[in-house]
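Before any comments, here is the structure.
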Amino acid sequence: MPDHPGLIYFIYAALIVANLLMYVAALALIKPCVKLFSLPRGVLMPLILPICVIGAYSVRLSMFDVWVMFASGLAGLALRHFRFPIAPIVLGVILAPMVDENLRRALFVFEGESFGFVVSQWVGTVLVFALIAIFAEGILRLVRSGRPEAAE
């Protein structure tokens, strides 16, 4: 900043102009996008599939990524068929690297003390109780949903 003070103001101005242009583009494209998304699945899916394949291939120019995409799609179909919620899985896939990195950092800070650092702090105790409450609530739901079926 001390060497190029005008650069920061230029970046801010460019961001403001970019946001205004994106707003105008969104207003112009909203009606065509609504019409596009109202197409039947039989027409929309063949349009989306090549775009997904091109996107998966272009990340690392590897066919392995395309096969991983197809396998993930099949896994998603199986999860939807068995009525598993997909949003928590997507959230887990996105947040897992951050959790892993911060867990490694915490283990390094507490010198490999396993999970003793979690319970030794008051926040860890609250997290353990929250985890127990979540599992207890899930078990109670299973027990409650199982009773009407046993009566029939």
Side-chain angles (χ1 to χ4, degrees), residues 1-30 33-34 36-37 41 44-147 149:
M1 213 164 122
D3 296 336
H4 306 285
L7 182 63
I8 298 297
Y9 297 117
F10 175 76
I11 291 173
Y12 286 150
L15 287 173
I16 291 170
V17 169
N19 280 320
L20 292 174
L21 290 175
M22 286 176 54
Y23 181 72
V24 170
L27 287 178
L29 293 174
I30 195 161
C33 286
V34 168
L36 178 71
F37 295 139
R41 282 190 179 184
L44 195 58
M45 289 303 164
L47 296 173
I48 292 174
L49 186 65
I51 295 170
C52 291
V53 170
I54 291 169
Y57 183 76
S58 66
V59 171
R60 291 188 301 176
L61 301 177
S62 169
M63 278 303 292
F64 177 75
D65 293 337
V66 175
W67 292 114
V68 168
M69 180 203 66
F70 279 124
S72 300
L74 291 175
L77 282 175
L79 289 171
R80 178 176 277 181
H81 177 72
F82 292 113
R83 296 185 180 156
F84 279 93
I86 296 176
I89 295 171
V90 171
L91 197 62
V93 168
I94 292 170
L95 294 178
M98 288 185 280
V99 170
D100 182 49
E101 179 184 341
N102 288 318
L103 178 63
R104 288 175 190 266
R105 187 177 297 143
L107 286 172
F108 181 73
V109 167
F110 286 94
E111 297 166 356
E113 199 178 299
S114 291
F115 289 100
F117 70 90
V118 174
V119 183
S120 66
Q121 306 293 325
W122 66 272
V123 175
T125 306
V126 171
L127 287 174
V128 168
F129 282 129
L131 192 63
I132 291 170
I134 289 170
F135 279 112
E137 193 265 338
I139 291 170
L140 286 175
R141 277 193 184 182
L142 283 175
V143 169
R144 287 183 194 151
S145 68
R147 285 187 181 161
E149 295 174 3

Query raised in the report: Counting N and O atoms only, with roles assigned by atom type, does the side chain of Asn102 sit under 3.5 Å from a partner on the main chain of Met98, one being a donor and the other an acceptor?
Result: yes
Report task. Could you grab the distance from atom CD1 of Ile132 to atom CG of Leu127, nearest 0.5 Å is fine? Result -> 11.0 Å
Query raised in the report: Can you name the nearest heavy-atom pair linking Leu44 to Leu36, along with the distance?
Result: CD1-O, 3.8 Å
Requested in this report: Specify the closest pair of heavy atoms between Asp65 and Ala56, including all atoms of both residues, with the distance to one decimal.
Outcome: CB-O, 3.4 Å
Requested in this report: Hey, could you give me the CG/CD1 distance between Leu49 and Ile54, rounded to the nearest 0.5 Å?
Outcome: 10.0 Å
Report summary line: Smallest heavy-atom separation, Leu142 atom then Ser145 atom, equals O-OG, 3.1 Å
Report task. For Pro50 and Leu47, work out which heavy atoms get closest and say how close. Result -> CD-O, 3.6 Å
Query raised in the report: From Met22 CE over to Leu27 CG, what is the distance, rounded to the nearest 0.5 angstrom?
Result: 12.0 Å
Requested in this report: Nearest 0.5 Å please: distance from the CD1 atom of Ile139 over to the CZ atom of Arg144.
Outcome: 12.5 Å
Report summary line: When rounded to the nearest 0.5 Å, the distance separating CD1 of Ile48 from CZ of Arg41 is 9.5 Å
Query raised in the report: Rounded to the nearest 0.5 Å, what separation is found between the SG atom of Cys52 and the CZ atom of Phe70?
Result: 8.5 Å
**Report entry** Any residue meeting side chain to side chain contact (heavy atoms under 4.5 Å, CB included) with Ile11, in chain and number order, not counting sequence neighbours
**Finding:** Leu7, Leu15
